[in-house]
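Residue numbering restarts at 1 for every chain, and letters A, B, ... go by the order of the sequence lines.
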Protein chains: 2
Amino acid sequence: MLPDTLTFAPRNCGDCPIRHRAVCARCDADELTKLDQIKYYRSFSAGQSVIWSGDNMDFVGSVVSGIATLTQTMEDGRTQMVGLLLPSDFVGRPGRNQAAYDVVAVSDLVMCCFRKAPFEQMMTETPHIAQRLLQMTLDELDAAREWMLVLGRKTAREKIASLLSIIASRNATLEMATASGEMVFDLPLTREAMADYLGLTLETVSRQISALKRDGVIVLEGKRRVTVPDFDRLMEEAGDDSDGGILS
Amino acid sequence: MLPDTLTFAPRNCGDCPIRHRAVCARCDADELTKLDQIKYYRSFSAGQSVIWSGDNMDFVGSVVSGIATLTQTMEDGRTQMVGLLLPSDFVGRPGRNQAAYDVVAVSDLVMCCFRKAPFEQMMTETPHIAQRLLQMTLDELDAAREWMLVLGRKTAREKIASLLSIIASRNATLEMATASGEMVFDLPLTREAMADYLGLTLETVSRQISALKRDGVIVLEGKRRVTVPDFDRLMEEAGDDSDGGILS
DNA sequence: GTCGTCGTTTGATCTGGGTCAAAGTCAGAC
DNA sequence: GTCTGACTTTGACCCAGATCAAACGACGAC
(Lines give C-alpha, C1' and ligand atoms only; values in the text may rest on other atoms or scores of the structure.)
Protein backbone atom coordinates (compact mmCIF):
# COMPACT_ATOMS: atom_id res chain seq x y z
CA MET A 1 0.00 0.00 0.00
CA LEU A 2 1.00 3.59 -0.53
CA PRO A 3 3.87 2.64 -2.80
CA ASP A 4 5.98 5.54 -3.99
CA THR A 5 3.19 8.05 -3.73
CA LEU A 6 4.86 9.90 -0.91
CA THR A 7 8.28 9.96 -2.46
CA PHE A 8 6.53 11.02 -5.64
CA ALA A 9 6.08 14.56 -4.44
CA PRO A 10 7.72 16.95 -6.89
CA ARG A 11 9.89 19.24 -4.83
CA ASN A 12 9.01 22.39 -6.72
CA CYS A 13 6.09 23.48 -8.80
CA GLY A 14 8.11 23.86 -11.99
CA ASP A 15 8.32 20.08 -12.33
CA CYS A 16 4.69 19.48 -11.46
CA PRO A 17 2.76 17.38 -13.97
CA ILE A 18 -0.32 19.58 -13.61
CA ARG A 19 1.54 22.88 -13.58
CA HIS A 20 -0.19 24.20 -16.69
CA ARG A 21 -3.71 22.96 -16.14
CA ALA A 22 -4.40 23.32 -12.43
CA VAL A 23 -5.53 26.34 -10.45
CA CYS A 24 -1.94 27.61 -10.55
CA ALA A 25 -1.77 27.51 -14.35
CA ARG A 26 -1.58 31.27 -14.82
CA CYS A 27 0.78 32.00 -11.97
CA ASP A 28 4.15 33.53 -12.76
CA ALA A 29 7.40 32.51 -11.08
CA ASP A 30 6.90 34.86 -8.13
CA GLU A 31 3.41 33.68 -7.40
CA LEU A 32 4.52 30.10 -7.73
CA THR A 33 7.16 30.64 -5.09
CA LYS A 34 4.53 31.87 -2.68
CA LEU A 35 2.28 28.91 -3.41
CA ASP A 36 5.26 26.63 -2.96
CA GLN A 37 5.54 27.85 0.61
CA ILE A 38 2.01 27.01 1.64
CA LYS A 39 1.51 23.77 -0.29
CA TYR A 40 1.80 20.24 1.03
CA TYR A 41 1.07 16.83 -0.48
CA ARG A 42 -1.33 14.19 0.72
CA SER A 43 -1.59 10.66 -0.58
CA PHE A 44 -4.54 8.32 -0.44
CA SER A 45 -4.77 4.71 -1.46
CA ALA A 46 -7.51 3.38 -3.69
CA GLY A 47 -10.83 3.18 -1.88
CA GLN A 48 -9.81 5.56 0.87
CA SER A 49 -12.06 8.48 1.69
CA VAL A 50 -10.57 11.97 1.33
CA ILE A 51 -13.37 13.75 3.15
CA TRP A 52 -16.96 13.21 4.23
CA SER A 53 -19.82 15.53 3.48
CA GLY A 54 -20.38 17.78 6.46
CA ASP A 55 -16.83 17.40 7.77
CA ASN A 56 -14.88 20.44 8.65
CA MET A 57 -12.61 21.20 5.72
CA ASP A 58 -9.59 23.34 6.40
CA PHE A 59 -7.89 22.90 3.03
CA VAL A 60 -8.45 23.11 -0.69
CA GLY A 61 -6.33 21.41 -3.30
CA SER A 62 -5.69 19.91 -6.70
CA VAL A 63 -5.59 16.33 -7.83
CA VAL A 64 -2.00 15.69 -8.95
CA SER A 65 -2.36 12.08 -9.97
CA GLY A 66 -5.04 9.44 -9.69
CA ILE A 67 -8.80 9.73 -9.74
CA ALA A 68 -11.39 10.65 -7.14
CA THR A 69 -15.16 10.95 -7.10
CA LEU A 70 -17.52 13.52 -5.63
CA THR A 71 -20.76 11.93 -4.49
CA GLN A 72 -23.96 12.83 -2.75
CA THR A 73 -25.88 10.39 -0.58
CA MET A 74 -29.52 10.40 0.50
CA GLU A 75 -30.59 9.25 3.94
CA ASP A 76 -31.79 5.92 2.62
CA GLY A 77 -28.47 5.21 0.95
CA ARG A 78 -29.17 6.12 -2.66
CA THR A 79 -26.07 7.78 -4.07
CA GLN A 80 -25.35 9.96 -7.07
CA MET A 81 -21.91 10.87 -8.28
CA VAL A 82 -21.76 14.61 -8.98
CA GLY A 83 -18.14 14.99 -9.98
CA LEU A 84 -15.30 12.94 -11.38
CA LEU A 85 -11.97 14.40 -10.34
CA LEU A 86 -9.02 13.86 -12.67
CA PRO A 87 -5.51 15.24 -12.41
CA SER A 88 -5.54 19.06 -12.24
CA ASP A 89 -9.13 19.23 -10.97
CA PHE A 90 -9.75 21.39 -7.94
CA VAL A 91 -11.31 20.23 -4.68
CA GLY A 92 -12.98 22.42 -2.10
CA ARG A 93 -14.62 25.77 -2.14
CA PRO A 94 -12.97 28.95 -0.98
CA GLY A 95 -15.22 30.64 1.54
CA ARG A 96 -16.80 27.45 2.80
CA ASN A 97 -15.78 25.52 5.89
CA GLN A 98 -17.82 22.35 5.55
CA ALA A 99 -17.43 19.81 2.79
CA ALA A 100 -20.63 19.60 0.77
CA TYR A 101 -19.91 16.18 -0.78
CA ASP A 102 -18.11 12.94 -0.10
CA VAL A 103 -14.76 12.73 -1.83
CA VAL A 104 -13.36 9.24 -2.34
CA ALA A 105 -10.12 8.13 -3.95
CA VAL A 106 -10.97 5.66 -6.71
CA SER A 107 -7.36 4.89 -7.53
CA ASP A 108 -4.24 5.70 -5.58
CA LEU A 109 -4.32 9.46 -5.35
CA VAL A 110 -1.94 12.33 -4.73
CA MET A 111 -3.25 15.76 -3.93
CA CYS A 112 -1.51 19.10 -3.69
CA CYS A 113 -3.18 20.90 -0.80
CA PHE A 114 -3.24 24.42 0.57
CA ARG A 115 -4.54 25.41 3.95
CA LYS A 116 -7.68 27.36 3.35
CA ALA A 117 -6.81 30.59 5.13
CA PRO A 118 -3.50 31.32 3.37
CA PHE A 119 -4.97 30.23 0.05
CA GLU A 120 -7.90 32.61 0.39
CA GLN A 121 -5.46 35.31 1.36
CA MET A 122 -3.46 34.64 -1.79
CA MET A 123 -6.60 34.64 -3.90
CA THR A 124 -7.33 38.23 -2.99
CA GLU A 125 -3.73 39.27 -3.63
CA THR A 126 -2.98 37.44 -6.87
CA PRO A 127 -5.74 37.76 -9.44
CA HIS A 128 -4.18 35.02 -11.56
CA ILE A 129 -5.40 32.38 -9.15
CA ALA A 130 -8.95 33.70 -8.95
CA GLN A 131 -9.05 34.11 -12.72
CA ARG A 132 -8.02 30.54 -13.29
CA LEU A 133 -10.41 29.25 -10.66
CA LEU A 134 -13.28 31.09 -12.31
CA GLN A 135 -12.40 29.57 -15.67
CA MET A 136 -12.20 26.08 -14.18
CA THR A 137 -15.48 26.53 -12.32
CA LEU A 138 -17.23 27.66 -15.50
CA ASP A 139 -15.89 24.58 -17.27
CA GLU A 140 -17.17 22.38 -14.48
CA LEU A 141 -20.55 24.04 -14.66
CA ASP A 142 -20.72 23.29 -18.37
CA ALA A 143 -19.76 19.69 -17.71
CA ALA A 144 -22.42 19.46 -15.01
CA ARG A 145 -25.04 20.74 -17.43
CA GLU A 146 -24.03 18.24 -20.07
CA TRP A 147 -24.28 15.58 -17.40
CA MET A 148 -27.79 16.79 -16.49
CA LEU A 149 -28.91 16.09 -20.05
CA VAL A 150 -27.44 12.60 -19.76
CA LEU A 151 -29.18 11.94 -16.45
CA GLY A 152 -32.51 13.42 -17.40
CA ARG A 153 -33.07 12.39 -20.98
CA LYS A 154 -30.82 9.64 -22.23
CA THR A 155 -31.52 5.90 -22.34
CA ALA A 156 -29.31 3.44 -20.50
CA ARG A 157 -27.42 2.59 -23.68
CA GLU A 158 -26.90 6.26 -24.51
CA LYS A 159 -25.75 6.92 -20.96
CA ILE A 160 -23.06 4.24 -21.17
CA ALA A 161 -21.94 5.45 -24.58
CA SER A 162 -21.82 9.02 -23.24
CA LEU A 163 -19.68 8.02 -20.28
CA LEU A 164 -17.31 6.05 -22.48
CA SER A 165 -16.92 8.96 -24.88
CA ILE A 166 -16.31 11.38 -22.01
CA ILE A 167 -13.59 9.17 -20.56
CA ALA A 168 -12.13 8.57 -23.99
CA SER A 169 -11.93 12.25 -24.86
CA ARG A 170 -10.64 13.30 -21.45
CA ASN A 171 -7.79 10.86 -22.02
CA ALA A 172 -7.43 11.77 -25.67
CA THR A 173 -5.45 14.90 -24.92
CA LEU A 174 -2.98 12.94 -22.86
CA GLU A 175 -2.03 9.74 -24.62
CA MET A 176 -3.74 6.96 -26.49
CA ALA A 177 -5.05 7.65 -30.02
CA THR A 178 -3.63 4.73 -31.98
CA ALA A 179 -2.92 6.70 -35.12
CA SER A 180 -5.34 4.43 -36.97
CA GLY A 181 -8.14 6.31 -35.28
CA GLU A 182 -8.65 3.57 -32.72
CA MET A 183 -8.77 4.58 -29.09
CA VAL A 184 -7.67 2.40 -26.20
CA PHE A 185 -8.05 3.16 -22.52
CA ASP A 186 -8.73 1.64 -19.12
CA LEU A 187 -12.01 2.25 -17.37
CA PRO A 188 -11.09 3.95 -14.12
CA LEU A 189 -14.42 3.08 -12.53
CA THR A 190 -16.12 -0.08 -11.31
CA ARG A 191 -19.53 -0.98 -12.71
CA GLU A 192 -21.03 0.30 -9.50
CA ALA A 193 -19.27 3.67 -9.76
CA MET A 194 -20.41 3.96 -13.38
CA ALA A 195 -23.95 3.27 -12.18
CA ASP A 196 -23.60 6.03 -9.58
CA TYR A 197 -22.35 8.34 -12.28
CA LEU A 198 -25.22 7.61 -14.64
CA GLY A 199 -28.16 7.16 -12.30
CA LEU A 200 -28.49 3.45 -13.16
CA THR A 201 -28.05 0.16 -11.33
CA LEU A 202 -24.83 -1.78 -11.75
CA GLU A 203 -26.72 -4.62 -13.43
CA THR A 204 -28.00 -2.31 -16.12
CA VAL A 205 -24.50 -0.93 -16.63
CA SER A 206 -23.16 -4.44 -17.07
CA ARG A 207 -25.90 -5.42 -19.50
CA GLN A 208 -25.47 -2.31 -21.65
CA ILE A 209 -21.71 -2.70 -21.79
CA SER A 210 -22.24 -6.28 -22.92
CA ALA A 211 -24.69 -5.05 -25.53
CA LEU A 212 -22.29 -2.42 -26.90
CA LYS A 213 -19.61 -5.09 -27.04
CA ARG A 214 -21.94 -7.53 -28.81
CA ASP A 215 -22.78 -4.82 -31.34
CA GLY A 216 -19.14 -4.06 -32.02
CA VAL A 217 -19.24 -0.49 -30.74
CA ILE A 218 -16.50 -1.35 -28.26
CA VAL A 219 -14.04 -4.20 -27.77
CA LEU A 220 -13.12 -5.40 -24.31
CA GLU A 221 -9.89 -6.99 -23.09
CA GLY A 222 -10.64 -8.25 -19.63
CA LYS A 223 -13.17 -6.14 -17.79
CA ARG A 224 -11.45 -2.80 -17.77
CA ARG A 225 -9.50 -2.28 -20.99
CA VAL A 226 -11.65 -0.77 -23.73
CA THR A 227 -10.92 -0.29 -27.41
CA VAL A 228 -13.11 2.01 -29.46
CA PRO A 229 -12.69 1.11 -33.13
CA ASP A 230 -14.82 4.00 -34.39
CA PHE A 231 -15.26 7.02 -32.18
CA ASP A 232 -17.93 8.59 -34.39
CA ARG A 233 -19.99 5.45 -34.02
CA LEU A 234 -19.67 5.74 -30.25
CA MET A 235 -20.76 9.39 -30.37
CA GLU A 236 -23.79 8.40 -32.42
CA GLU A 237 -24.71 5.80 -29.81
CA ALA A 238 -24.38 8.53 -27.18
CA GLY A 239 -27.00 10.56 -29.02
CA ASP A 240 -24.61 13.48 -29.40
CA ASP A 241 -24.17 15.68 -32.36
CA SER A 242 -21.51 13.69 -34.17
CA ASP A 243 -19.87 16.84 -35.53
CA GLY A 244 -18.75 17.76 -32.03
CA GLY A 245 -20.28 21.14 -31.34
CA ILE A 246 -17.44 23.64 -31.06
CA LEU A 247 -17.84 25.97 -28.14
CA SER A 248 -15.27 28.17 -26.40
CA MET B 1 -47.35 43.23 -25.57
CA LEU B 2 -44.23 44.69 -24.03
CA PRO B 3 -46.16 46.77 -21.55
CA ASP B 4 -44.11 49.08 -19.39
CA THR B 5 -41.05 46.89 -19.49
CA LEU B 6 -39.10 49.42 -21.47
CA THR B 7 -40.08 52.38 -19.38
CA PHE B 8 -39.28 50.21 -16.37
CA ALA B 9 -35.55 50.69 -16.83
CA PRO B 10 -34.06 52.17 -13.69
CA ARG B 11 -31.94 55.09 -14.79
CA ASN B 12 -29.08 54.42 -12.42
CA CYS B 13 -27.77 51.34 -10.69
CA GLY B 14 -28.40 52.67 -7.21
CA ASP B 15 -32.14 52.12 -7.63
CA CYS B 16 -31.77 48.71 -9.24
CA PRO B 17 -33.78 45.93 -7.61
CA ILE B 18 -30.93 43.45 -8.01
CA ARG B 19 -28.19 45.86 -7.01
CA HIS B 20 -27.05 43.76 -4.05
CA ARG B 21 -27.37 40.28 -5.47
CA ALA B 22 -26.23 40.48 -9.08
CA VAL B 23 -22.76 40.36 -10.53
CA CYS B 24 -22.34 44.01 -9.55
CA ALA B 25 -23.12 43.35 -5.89
CA ARG B 26 -19.65 44.11 -4.60
CA CYS B 27 -18.97 47.13 -6.78
CA ASP B 28 -18.38 50.46 -5.10
CA ALA B 29 -19.78 53.76 -6.37
CA ASP B 30 -16.90 54.36 -8.79
CA GLU B 31 -17.13 50.93 -10.35
CA LEU B 32 -20.88 51.27 -10.60
CA THR B 33 -20.49 54.47 -12.55
CA LYS B 34 -18.31 52.69 -15.06
CA LEU B 35 -20.78 49.84 -15.38
CA ASP B 36 -23.54 52.37 -15.77
CA GLN B 37 -21.83 53.63 -18.90
CA ILE B 38 -21.70 50.30 -20.68
CA LYS B 39 -25.01 48.81 -19.61
CA TYR B 40 -28.23 48.73 -21.57
CA TYR B 41 -31.60 47.10 -20.96
CA ARG B 42 -33.40 44.58 -23.10
CA SER B 43 -36.97 43.40 -22.68
CA PHE B 44 -38.54 40.16 -23.80
CA SER B 45 -42.13 39.07 -23.62
CA ALA B 46 -43.20 35.71 -22.25
CA GLY B 47 -42.35 32.88 -24.62
CA GLN B 48 -39.80 34.88 -26.58
CA SER B 49 -36.37 33.42 -27.13
CA VAL B 50 -33.42 35.40 -25.78
CA ILE B 51 -30.76 33.43 -27.62
CA TRP B 52 -30.32 30.13 -29.41
CA SER B 53 -27.59 27.64 -28.70
CA GLY B 54 -24.78 28.15 -31.16
CA ASP B 55 -25.70 31.75 -31.90
CA ASN B 56 -23.06 34.37 -31.75
CA MET B 57 -23.35 36.07 -28.39
CA ASP B 58 -21.82 39.50 -28.06
CA PHE B 59 -23.20 40.33 -24.63
CA VAL B 60 -23.53 39.05 -21.10
CA GLY B 61 -26.08 40.23 -18.58
CA SER B 62 -28.25 39.83 -15.53
CA VAL B 63 -31.92 39.03 -15.19
CA VAL B 64 -33.49 42.12 -13.62
CA SER B 65 -37.06 40.90 -13.47
CA GLY B 66 -38.96 37.91 -14.78
CA ILE B 67 -37.87 34.33 -15.31
CA ALA B 68 -35.96 32.57 -18.06
CA THR B 69 -34.83 29.02 -18.69
CA LEU B 70 -31.59 27.55 -19.98
CA THR B 71 -32.21 24.37 -21.97
CA GLN B 72 -30.33 21.83 -24.01
CA THR B 73 -31.87 20.01 -26.95
CA MET B 74 -30.88 16.74 -28.60
CA GLU B 75 -31.13 16.24 -32.34
CA ASP B 76 -34.30 14.19 -32.00
CA GLY B 77 -35.99 16.91 -29.97
CA ARG B 78 -35.60 15.63 -26.43
CA THR B 79 -34.95 18.61 -24.18
CA GLN B 80 -33.54 19.06 -20.71
CA MET B 81 -33.62 22.26 -18.74
CA VAL B 82 -30.20 22.94 -17.25
CA GLY B 83 -30.80 26.28 -15.59
CA LEU B 84 -33.65 28.34 -14.19
CA LEU B 85 -32.79 32.01 -14.29
CA LEU B 86 -34.35 34.25 -11.67
CA PRO B 87 -33.75 37.94 -10.99
CA SER B 88 -30.04 38.63 -10.35
CA ASP B 89 -28.88 35.48 -12.17
CA PHE B 90 -26.14 35.93 -14.73
CA VAL B 91 -26.37 34.93 -18.39
CA GLY B 92 -23.45 34.27 -20.69
CA ARG B 93 -19.87 33.28 -20.23
CA PRO B 94 -16.98 35.70 -20.39
CA GLY B 95 -14.42 34.37 -22.82
CA ARG B 96 -16.93 32.54 -24.99
CA ASN B 97 -18.46 33.82 -28.18
CA GLN B 98 -21.12 31.24 -28.89
CA ALA B 99 -24.12 30.56 -26.71
CA ALA B 100 -23.99 27.00 -25.37
CA TYR B 101 -27.68 26.75 -24.47
CA ASP B 102 -31.07 28.04 -25.52
CA VAL B 103 -32.30 30.85 -23.31
CA VAL B 104 -36.05 31.44 -23.31
CA ALA B 105 -38.10 34.02 -21.44
CA VAL B 106 -40.77 32.17 -19.46
CA SER B 107 -42.44 35.31 -18.22
CA ASP B 108 -42.00 38.87 -19.38
CA LEU B 109 -38.35 39.54 -18.81
CA VAL B 110 -36.00 42.48 -18.37
CA MET B 111 -32.28 42.02 -18.66
CA CYS B 112 -29.42 44.35 -17.85
CA CYS B 113 -26.83 43.69 -20.55
CA PHE B 114 -23.20 44.56 -21.13
CA ARG B 115 -21.37 44.20 -24.39
CA LYS B 116 -18.91 41.41 -23.93
CA ALA B 117 -15.69 43.22 -24.81
CA PRO B 118 -16.03 46.15 -22.40
CA PHE B 119 -17.32 43.84 -19.70
CA GLU B 120 -14.34 41.54 -20.01
CA GLN B 121 -12.12 44.58 -19.96
CA MET B 122 -13.74 45.71 -16.71
CA MET B 123 -13.41 42.24 -15.23
CA THR B 124 -9.65 42.39 -15.46
CA GLU B 125 -9.58 45.91 -14.00
CA THR B 126 -12.04 45.60 -11.15
CA PRO B 127 -11.56 42.46 -9.09
CA HIS B 128 -14.91 43.00 -7.37
CA ILE B 129 -16.73 41.85 -10.46
CA ALA B 130 -14.67 38.73 -11.00
CA GLN B 131 -14.91 37.89 -7.30
CA ARG B 132 -18.65 38.12 -7.32
CA LEU B 133 -18.92 36.15 -10.56
CA LEU B 134 -16.80 33.38 -9.07
CA GLN B 135 -19.03 33.23 -6.03
CA MET B 136 -22.16 33.11 -8.18
CA THR B 137 -20.70 30.44 -10.43
CA LEU B 138 -19.78 28.28 -7.45
CA ASP B 139 -23.32 28.64 -6.15
CA GLU B 140 -24.68 27.60 -9.53
CA LEU B 141 -22.38 24.61 -9.59
CA ASP B 142 -23.70 23.53 -6.20
CA ALA B 143 -27.25 23.94 -7.44
CA ALA B 144 -26.42 21.90 -10.55
CA ARG B 145 -25.03 19.10 -8.39
CA GLU B 146 -28.10 19.07 -6.21
CA TRP B 147 -30.14 18.91 -9.39
CA MET B 148 -28.07 15.95 -10.61
CA LEU B 149 -29.11 13.99 -7.53
CA VAL B 150 -32.72 14.83 -8.29
CA LEU B 151 -32.41 13.75 -11.92
CA GLY B 152 -30.42 10.61 -11.26
CA ARG B 153 -31.89 9.11 -8.14
CA LYS B 154 -35.24 10.52 -7.15
CA THR B 155 -38.68 9.13 -7.95
CA ALA B 156 -41.21 11.21 -9.87
CA ARG B 157 -43.01 12.18 -6.66
CA GLU B 158 -39.75 13.18 -5.01
CA LYS B 159 -38.77 15.16 -8.07
CA ILE B 160 -41.96 17.21 -7.97
CA ALA B 161 -41.63 17.77 -4.24
CA SER B 162 -38.01 18.84 -4.76
CA LEU B 163 -38.94 21.34 -7.44
CA LEU B 164 -41.74 22.78 -5.33
CA SER B 165 -39.44 23.17 -2.34
CA ILE B 166 -36.77 24.82 -4.48
CA ILE B 167 -39.25 27.32 -5.88
CA ALA B 168 -40.73 27.87 -2.45
CA SER B 169 -37.40 28.54 -0.79
CA ARG B 170 -36.09 30.72 -3.59
CA ASN B 171 -39.15 32.89 -3.10
CA ALA B 172 -39.01 32.61 0.67
CA THR B 173 -36.34 35.26 0.96
CA LEU B 174 -38.42 37.69 -1.02
CA GLU B 175 -42.00 37.62 0.13
CA MET B 176 -44.62 35.09 1.05
CA ALA B 177 -44.29 33.23 4.38
CA THR B 178 -47.73 33.62 5.88
CA ALA B 179 -46.54 34.01 9.46
CA SER B 180 -48.50 30.87 10.29
CA GLY B 181 -45.77 28.88 8.60
CA GLU B 182 -47.82 28.39 5.47
CA MET B 183 -46.19 29.25 2.17
CA VAL B 184 -48.05 30.51 -0.87
CA PHE B 185 -46.60 31.09 -4.30
CA ASP B 186 -47.31 30.91 -8.02
CA LEU B 187 -45.67 28.25 -10.14
CA PRO B 188 -43.68 30.15 -12.72
CA LEU B 189 -43.52 27.13 -15.04
CA THR B 190 -45.96 25.20 -17.19
CA ARG B 191 -46.29 21.46 -16.62
CA GLU B 192 -44.17 20.92 -19.69
CA ALA B 193 -41.38 23.18 -18.41
CA MET B 194 -41.47 21.36 -15.07
CA ALA B 195 -41.14 18.10 -16.96
CA ASP B 196 -38.12 19.48 -18.81
CA TYR B 197 -36.63 20.54 -15.52
CA LEU B 198 -37.11 17.16 -13.89
CA GLY B 199 -36.48 14.74 -16.74
CA LEU B 200 -40.12 13.58 -16.78
CA THR B 201 -43.06 13.80 -19.17
CA LEU B 202 -45.73 16.42 -18.66
CA GLU B 203 -48.30 13.70 -17.98
CA THR B 204 -46.27 12.34 -15.09
CA VAL B 205 -45.83 15.83 -13.69
CA SER B 206 -49.56 16.37 -13.81
CA ARG B 207 -50.29 13.03 -12.14
CA GLN B 208 -47.80 13.58 -9.34
CA ILE B 209 -49.03 17.08 -8.62
CA SER B 210 -52.54 15.67 -8.40
CA ALA B 211 -51.26 12.98 -6.05
CA LEU B 212 -49.52 15.47 -3.75
CA LYS B 213 -52.70 17.52 -3.73
CA ARG B 214 -54.81 14.45 -2.97
CA ASP B 215 -52.48 13.60 -0.08
CA GLY B 216 -52.67 17.10 1.35
CA VAL B 217 -49.01 17.93 0.87
CA ILE B 218 -50.02 20.93 -1.21
CA VAL B 219 -53.21 22.87 -1.87
CA LEU B 220 -53.96 24.27 -5.31
CA GLU B 221 -55.98 27.35 -6.27
CA GLY B 222 -56.43 27.15 -9.99
CA LYS B 223 -53.53 25.50 -11.76
CA ARG B 224 -50.71 27.75 -10.76
CA ARG B 225 -51.21 29.03 -7.21
CA VAL B 226 -49.76 26.66 -4.61
CA THR B 227 -50.10 26.65 -0.86
CA VAL B 228 -47.76 24.53 1.25
CA PRO B 229 -49.36 23.98 4.66
CA ASP B 230 -46.31 22.22 6.12
CA PHE B 231 -42.94 22.84 4.58
CA ASP B 232 -41.20 20.08 6.57
CA ARG B 233 -43.68 17.60 5.17
CA LEU B 234 -42.84 18.77 1.66
CA MET B 235 -39.12 18.38 2.36
CA GLU B 236 -39.75 14.86 3.59
CA GLU B 237 -41.58 14.05 0.39
CA ALA B 238 -38.59 15.44 -1.51
CA GLY B 239 -36.37 12.90 0.23
CA ASP B 240 -34.17 15.65 1.63
CA ASP B 241 -32.69 15.89 5.03
CA SER B 242 -35.49 17.68 6.83
CA ASP B 243 -33.05 19.53 9.09
CA GLY B 244 -31.81 21.52 6.11
CA GLY B 245 -28.10 20.77 5.84
CA ILE B 246 -26.19 23.95 6.63
CA LEU B 247 -23.39 24.61 4.22
CA SER B 248 -21.45 27.81 3.56
C1' DG C 1 -3.69 -26.07 -3.33
C1' DT C 2 -8.55 -23.99 -0.94
C1' DC C 3 -11.07 -20.34 0.78
C1' DG C 4 -13.09 -15.79 0.90
C1' DT C 5 -13.89 -11.54 -1.08
C1' DC C 6 -14.87 -8.36 -4.53
C1' DG C 7 -16.32 -7.25 -8.86
C1' DT C 8 -18.96 -8.84 -12.65
C1' DT C 9 -22.31 -11.25 -15.62
C1' DT C 10 -26.64 -13.22 -16.69
C1' DG C 11 -31.44 -14.70 -15.93
C1' DA C 12 -36.39 -14.12 -14.33
C1' DT C 13 -39.73 -11.13 -12.88
C1' DC C 14 -41.84 -6.77 -11.54
C1' DT C 15 -43.10 -1.92 -11.80
C1' DG C 16 -42.67 3.22 -12.28
C1' DG C 17 -43.07 6.14 -15.54
C1' DG C 18 -43.49 6.60 -20.68
C1' DT C 19 -46.71 6.57 -24.63
C1' DC C 20 -50.95 7.10 -26.90
C1' DA C 21 -55.45 8.89 -26.68
C1' DA C 22 -59.34 11.61 -25.23
C1' DA C 23 -61.54 15.01 -22.80
C1' DG C 24 -61.66 19.07 -19.57
C1' DT C 25 -60.57 24.13 -18.33
C1' DC C 26 -59.68 28.67 -19.15
C1' DA C 27 -58.52 33.14 -21.32
C1' DG C 28 -58.49 35.92 -25.06
C1' DA C 29 -60.25 37.08 -29.96
C1' DC C 30 -64.01 38.28 -32.41
C1' DG D 1 -72.16 35.10 -26.50
C1' DT D 2 -68.94 31.11 -28.90
C1' DC D 3 -64.70 29.87 -31.02
C1' DT D 4 -60.00 28.87 -30.80
C1' DG D 5 -55.79 27.46 -29.03
C1' DA D 6 -52.83 26.67 -25.12
C1' DC D 7 -52.51 24.19 -21.12
C1' DT D 8 -53.94 20.50 -18.17
C1' DT D 9 -55.98 16.22 -16.43
C1' DT D 10 -57.13 11.46 -16.62
C1' DG D 11 -57.31 6.72 -18.45
C1' DA D 12 -55.45 2.42 -20.64
C1' DC D 13 -51.60 0.04 -21.89
C1' DC D 14 -46.70 -1.03 -22.45
C1' DC D 15 -41.78 -1.32 -21.89
C1' DA D 16 -37.05 0.06 -20.19
C1' DG D 17 -34.77 -0.47 -16.44
C1' DA D 18 -35.13 -1.91 -11.37
C1' DT D 19 -35.11 -5.75 -8.31
C1' DC D 20 -34.14 -10.28 -6.75
C1' DA D 21 -31.30 -14.15 -7.36
C1' DA D 22 -27.63 -17.09 -8.74
C1' DA D 23 -23.33 -18.08 -10.55
C1' DC D 24 -18.75 -16.85 -12.50
C1' DG D 25 -13.78 -15.12 -12.55
C1' DA D 26 -9.74 -13.19 -10.60
C1' DC D 27 -6.87 -12.34 -6.95
C1' DG D 28 -4.81 -12.30 -2.39
C1' DA D 29 -4.47 -14.73 2.21
C1' DC D 30 -3.41 -18.75 4.29
Given atom [atom1] of [X] and atom [atom2] of [N], what is their separation to the nearest angstrom?
{"X": "B/Asp76", "N": "C/dT19", "atom1": "CG", "atom2": "P", "result": "11 Å"}
{"X": "B/Asp196", "N": "C/dG17", "atom1": "CG", "atom2": "P", "result": "17 Å"}
{"X": "A/Met194", "N": "C/dG7", "atom1": "CE", "atom2": "P", "result": "12 Å"}
{"X": "B/Leu200", "N": "D/dA16", "atom1": "CG", "atom2": "P", "result": "18 Å"}
{"X": "B/Leu189", "N": "D/dA6", "atom1": "CG", "atom2": "P", "result": "19 Å"}
{"X": "B/Arg78", "N": "D/dA16", "atom1": "CZ", "atom2": "C1'", "result": "13 Å"}
{"X": "B/Gln80", "N": "C/dG18", "atom1": "CD", "atom2": "C1'", "result": "15 Å"}
{"X": "B/Leu198", "N": "C/dG17", "atom1": "CG", "atom2": "C1'", "result": "13 Å"}

Sorted by number, the residues of residues 202-228 of chain A with heavy-atom contact under 4.0 Å to DNA chain D: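 Of all residues in residues 202-228 of chain A, the ones placing a heavy atom under 4.0 Å from DNA chain D are A/Glu203, A/Thr204, A/Arg207.
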
Kindly write out the residues that satisfy salt bridge (charged side-chain N to carboxylate O under 4.0 Å, His left out) with A/Asp102, not counting sequence neighbours, or none if the list is empty. none

Counterpart residues, salt bridge (charged side-chain N to carboxylate O under 4.0 Å, His left out), relative to B/Arg78 (two or more places apart):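 B/Arg78: salt bridge (charged side-chain N to carboxylate O under 4.0 Å, His left out) contacts with A/Glu158, B/Asp76.
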
Would you say B/Ser206 and B/Glu203 are linked by a side-chain donor-acceptor pair, where the criterion is simply a distance under 3.5 Å? no

Answer yes or no: does a side-chain N or O of A/Thr155 lie under 4.0 Å from OP1 or OP2 of D/dA16? no

For B/Val217, does its backbone N or O pair with a side-chain atom of B/Asp215 as donor and acceptor, under 3.5 Å?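 Checking the backbone N and O of B/Val217 against the side chain of B/Asp215, no donor-acceptor pair under 3.5 Å is found.
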
Counting any heavy atom closer than 4.0 Å, what does A/Gly47 reach on the DNA or RNA strands: base, sugar-phosphate only, or nothing? nothing

A/Phe59 six-ring centre to A/Arg42 NZ/CZ under 6.0 Å and within 45° of normal: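 Ring-cation test returns yes.
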
Among B/Thr71, B/Thr73, B/Asp196, which residue satisfies the side-chain hydrogen bond (donor to acceptor under 3.5 Å, both in side chains) criterion with B/Thr79?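 So, applying the side-chain hydrogen bond (donor to acceptor under 3.5 Å, both in side chains) to B/Thr79 and each of B/Thr71, B/Thr73, B/Asp196, only B/Asp196 qualifies.
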
